[in-house]
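Read the numbers this way: they start at 1 and go in the same order the structure lists the ligands and their atoms. When a residue number appears, it is its place in the shown sequence, counting from 1.
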Amino acid sequence: MANLVSIILQWPDLNIREIAENFSRLACNAHTICDSELIPLGTGLYPVISIINHSCYPNSVLVFEGRMATIRAIQQIPKGSEVLISYIETAGSTMTRQKALKEQYFFTCSCPRCIKLGQDDDIKESAVLEGYRCKNHTCDGFLLRDTEIKGFRCHQCGLVRGMEEILKIAGEEKDMSEKASVALSSGYNTEALDMYLKVEKLQMKLYHSSSIKLMRTRETLLRV
Ligand SMILES: [Zn+2]
Ligand SMILES: [Zn+2]
């Protein structure tokens, strides 16, 4: 990207290293400016706000009114405690959040949620947010991988879902999601709506009722 800037501008004094450093600063410190419906509008660099550290269990949130950035408390913050915001979407399993933070911000988070990695609470949270649903549709249990049976077992009722059945629905869901996304970005809203409804149906068969994927599909459906 630095090379590209240098080629386009063709300023003799421009130092490639400096451009690259500025790009790196921007990547780690910039914030996405969103409107009131959280639709991204652009990127901004806010020197004061960049000092605020991250937590996956933040006590504050960054909001925008036009270009003006404001930090709002979302819980009681005791005097003397650190103001923390989340740099990433907080609705993700610990593994997903840690991966996102490492890839974009180059650190390992040790917030109260992240230190629970691998503990029972954390395993349950991950299985609900990103895992499969029980075969018995009246059961709200979450599924855990069972290597002996080559499938997933419900922690609540013990029913097993085989890998083959899961992969079949997952394949159909992936194909339909891709088609729906193409239809939406090409402006075929009626077709996209129909396809996203099919995606929702497949995801309801596949994932836990509180799954993030299902929530995202419903968010898209609302938008369409
Ligand atoms: Zn964390
Ligand atoms: Zn069950």
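- A salt bridge does not link K124 with D120: every distance from a Lys NZ or Arg NE/NH1/NH2 to an Asp or Glu carboxylate oxygen is 4.0 Å or more.
- Taking the charged nitrogens against the carboxylate oxygens, E89 and R216 do have a contact shorter than 4.0 Å, which makes a salt bridge.
- Between R113 and E125 there is a salt bridge, since at least one side-chain N of the basic residue sits less than 4.0 Å from a carboxylate O of the acidic one.
- Contact of the Y196 side chain with the M176 side chain is not registered, since no non-hydrogen atoms from C-beta on lie closer than 4.5 Å.
- Under 4.0 Å is where a charged nitrogen must lie from a carboxylate oxygen, and between K168 and E164 no such pair does.
- By the criterion of a separation under 2.8 Å, the protein N/O/S atoms near the Zn ion (ligand 1) amount to C56 SG, C109 SG, C111 SG, C114 SG.
- Note on R223 versus E219: no salt bridge recorded, every NZ/NE/NH1/NH2 to OD/OE distance being 4.0 Å or above.
- The existence of a salt bridge linking E18 and R25 is excluded, since no basic side-chain nitrogen approaches an acidic carboxylate oxygen closer than 4.0 Å.
- Other residues, nucleotides and ligands place more than 12 heavy atoms under 6.0 Å from the CZ atom of F107.
- A salt bridge links D146 to R153: one of the charged nitrogens lies within less than 4.0 Å of a carboxylate oxygen.
- Protein N/O/S atoms found under 2.8 Å from the Zn ion (ligand 2): C134 SG, C139 SG, C154 SG, C157 SG.
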